[in-house]
Amino acid sequence: MSSAPLIRLKHVDVALEGTPVLHDIEWQLERGEHWGIVGANGSGKSTLLGLIAGTVWPAPGSGERRYDFGQGTETDAVAARSEIAFVSHELQDRYARLEWNFTALEVVLSGVYRTDVPRRRPATEQRNRALAVMRRLGVARLAERRFLELSRGEQRRVLIARAVAFGPKVLLLDEPASGLDAASRDELASMLTRVADECTIVATAHVAGDLPALVQRYLVVEAGRIVARETRSADAPGARPAFPVGAQRGEAPIDAGHAPDDALITLEHADVWLGARHVLRDVSWHLAPSQHWLVTGANGSGKSTFLRLLHGQLRPALGSEIRWPALGNPRNVWELRKRIAWLSPELQAGYRYPSTVRACVASGFESSIGQTRALTAREAARVDELIGALELSALAERPLRTLSYGQARRALVARALVNRPRVLLFDEPWEGLDAPMAELLNRTLATVVAAGTQLVCTSHLAAHREHFTHELSLDAGRVVSSRALTQS
């Protein structure tokens, strides 16, 4: 076996659509030496993974990128991709954007085939190989489930199984713990411990404590530059705590109480099915004036489906009812969406229109993907106001697709707020945000609450509770707790 590094980067710069992103990158990856990359939103972490993966190219004349997977040193990144698997938010979002609703087994089979999607009926040997990977990595129970009906955490683990089925020498993971509750993080850690014996892992995170435990060395990236190389101590902090799920399954249904006549949203015994799967079960709930609800529960408990129901994207089953009394029960869903804004990882996945940040924010006036008309002077001033408030001024004319995940999230927050919505439905608001950007979001939420917008947000984090007056906990699609929160 060659003693040369698997991957070596020497004085490499990267520009995306003319914007410099990485500067003078020098680093190498040895066999079996698992690395982390730590940095804030927009620091260049994901672009650095793309450079390693061969999906992003060095700026002309800026240095060299070399690979050695046992057949000698080469600079051909296209050939190197056959030895590298890359699991990212963008890959996960691509399934949602293109509506690739294969079964989890079919997704893992595409890794066996080394194709984007499964293209043929698998031979028995291929099917058994995919199932063996899923069993070894603890996701075999998801094999027949549809990918788009899985929680974000379940999707992430299926995509890692797909990557392992690819048989790579290097596995790249972009913020693998982002958006996962404590139980899902434990499952991810167990999965990666098994994977570490098969390939070399490089993972990114906002802070070192969110890196997989098997990662002992990491780079610190700021403004596109490597500013430090660190070794994790044995007592490095682990994952952030999660909310308790709530009461145990099988308890008596929660009495949501009588819905007042001026309630903004009411649900009565709502059941929701996605395909053949019963996702929400007998949910009764209402949003009264001045209430702000935090919706908690484990990955897969039905939180995201609950928000989509409130937004009018899903309808409850026959015998159930959803109404918006204080909004006049709009018959036109587009009128409803001017009063109730929704933001989620799925919306971010689907927003792939070739748009600048400014045009993305402006598209919120019509709840469209891409700006569909010219703005009035008042509307343009509102866009400028939100761009400034969310610290997007320097990015306003940048294409949305060139931003980091966290930067794009801030642009979509501004988009959600342009109409000054009566209700803001926000699915995992803090997913993908580093600490300074999470604090900026908290200030923004405090401002919109003071202006009269009511919040219904999902989260599994123990932090960021100060905005909420009530908590609704879900488990397996059922309400297991509904209570007022005591403000400290």
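Owing to the predicted nature of the structure, the values given are computational and were not obtained by experimental measurement. No hydrogens, no waters, no symmetry mates; every other heavy atom, side chains included, goes into these values.
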Separation of [Y] [atom2] from [X] [atom1] (nearest 0.5 Å):
X: Ser459; Y: Arg465; atom1: OG; atom2: CZ; value: 9.0 Å
X: Leu395; Y: Ile387; atom1: CG; atom2: CD1; value: 9.5 Å
X: Leu386; Y: Leu392; atom1: CG; atom2: CG; value: 9.0 Å
X: Thr444; Y: Met437; atom1: OG1; atom2: CE; value: 9.5 Å
X: Arg146; Y: Glu106; atom1: CZ; atom2: CD; value: 5.5 Å
X: Leu445; Y: Cys457; atom1: CG; atom2: SG; value: 6.0 Å

Counting only N and O atoms by type, is there a donor-acceptor contact under 3.5 Å from the side chain of [X] to the main-chain atoms of [Y]?
X: Ser190; Y: Glu187; result: no
X: Arg162; Y: Val87; result: no
X: Asn41; Y: Gln407; result: no
X: Asn101; Y: Leu148; result: yes
X: Lys338; Y: Phe365; result: no
X: His23; Y: Gly224; result: no
X: Ser368; Y: Gln371; result: no
X: Thr204; Y: Glu175; result: yes
X: Arg185; Y: Asp210; result: no
X: Arg232; Y: Ala208; result: yes

Which heavy atom of [X] sits nearest a heavy atom of [Y], and at what distance?
X: Ala161; Y: Val139; answer: CB-CG2, 4.1 Å
X: Pro212; Y: Pro176; answer: CG-CG, 4.5 Å
X: Val357; Y: Ala411; answer: CG1-CB, 4.0 Å
X: Pro325; Y: Asn329; answer: N-OD1, 3.7 Å
X: Asp93; Y: Pro345; answer: OD1-O, 4.1 Å

Which pairs count as side chain to side chain donor-acceptor pair (under 3.5 Å) when at least one residue sits in residues 446-457, sequence neighbours excluded?
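Qualifying pairs: Arg422-Gln454.
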
Begin from the C-alpha positions of Val164 and Met191 and carry the test side chain to side chain contact (heavy atoms under 4.5 Å, CB included) through to its verdict.
CA-CA 11 Å; Val164 171; Met191 169 183 273; over 6 Å; no

Please collect all ring-ring contact (aromatic ring centres under 6.0 Å, His included) contacts where either partner lies in residues 301-320, sequence neighbours excluded, each pair once.
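Those involving residues 301-320 are Trp285-Phe306, His311-Trp342.
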
With sequence neighbours excluded, tell me which residues meet side chain to side chain contact (heavy atoms under 4.5 Å, CB included) with [X].
X: Ala326; result: Leu264
X: Ala53; result: Thr55, Ile84, Phe86, Leu172
X: Thr458; result: Val295, Lys303, Leu307, Asp427, Glu428
X: Val14; result: Val12, Leu16, Leu22, Thr47, Leu51, Val56

Step-by-step side chain to side chain contact (heavy atoms under 4.5 Å, CB included) determination, Gln291 to Val456:
CA-CA 9 Å; Gln291 290 182 347; Val456 183; over 6 Å; no

Return all side-chain donor-acceptor pairs below 3.5 angstrom for residues 373-383, not counting sequence neighbours, or 'none' if the list is empty.
unit_1 : atom_1 : unit_2 : atom_2 : d
Arg373 : NE     : Glu366 : OE2    : 2.8
Arg373 : NH1    : Glu379 : OE1    : 2.9
Arg373 : NH2    : Glu366 : OE2    : 3.1
Arg373 : NH2    : Glu379 : OE2    : 2.8
Thr376 : OG1    : Glu379 : N      : 3.1
Thr376 : OG1    : Glu379 : OE1    : 3.4
Glu379 : OE1    : Thr376 : N      : 3.0
Arg382 : NE     : Val418 : O      : 3.4
Arg382 : NH1    : Glu385 : OE1    : 3.3
Arg382 : NH1    : Glu385 : OE2    : 3.3
Arg382 : NH2    : Leu417 : O      : 2.8

Heavy-atom side-chain proximity of [X] to [Y] below 4.5 angstrom:
X: Cys360; Y: Leu412; value: yes
X: Pro316; Y: Leu267; value: no
X: Trp293; Y: Leu310; value: no
X: Thr296; Y: Leu474; value: no
X: Leu173; Y: Leu192; value: yes
X: Val117; Y: Phe102; value: yes
X: Gln92; Y: Gln155; value: yes
X: Ile265; Y: Ile340; value: yes

If you count every heavy atom of other residues, nucleotides or ligands that lies below 6.0 Å from Glu222 atom CD, does the total exceed 12?
no

Run the side chain to side chain contact (heavy atoms under 4.5 Å, CB included) check on Ile201 and Leu214 step by step: do they pass?
CA-CA 9 Å; Ile201 294 174; Leu214 55 85; 4.2 Å; yes

Sequence-distant partners of Tyr95, ring-ring contact (aromatic ring centres under 6.0 Å, His included), two or more places apart
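Result, ring-ring contact (aromatic ring centres under 6.0 Å, His included) vs Tyr95: Trp100, Phe147.
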
List for me each residue that meets ring-ring contact (aromatic ring centres under 6.0 Å, His included) alongside Tyr405, sequence neighbours excluded, and say none if there are none.
His89

Identify every side-chain donor-acceptor pair in residues 268-277 under 3.5 Å, counting partners at least two apart or on other chains, and give the distances.
unit_1 : atom_1 : unit_2 : atom_2 : d
His269 : ND1    : Asp282 : OD1    : 2.8
Asp271 : OD1    : His278 : NE2    : 2.7
Asp271 : OD1    : Asp282 : N      : 3.3
Arg277 : NH2    : Glu149 : O      : 2.2

Flag for Ser481-Glu471: side-chain donor and acceptor within less than 3.5 Å:
no

Side chains of Ser301 and Asp475 only: does a donor on one sit below 3.5 Å from an acceptor on the other?
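The criterion, which ignores hydrogens and geometry beyond distance, is not satisfied for Asp475 and Ser301.
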
Could you tell me which residues satisfy side-chain hydrogen bond (donor to acceptor under 3.5 Å, both in side chains) with Arg308, sequence neighbours excluded, listed by chain and number?
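Arg308: side-chain hydrogen bond (donor to acceptor under 3.5 Å, both in side chains) contacts with Gln313.
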
Got a sec, which pairs hit salt bridge (Lys or Arg N to Asp or Glu O under 4.0 Å) with one end in residues 387-413, sequence neighbours left out?
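Residue pairs with at least one partner in residues 387-413: Glu17-Arg401, Arg358-Glu397, Glu391-Arg443.
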
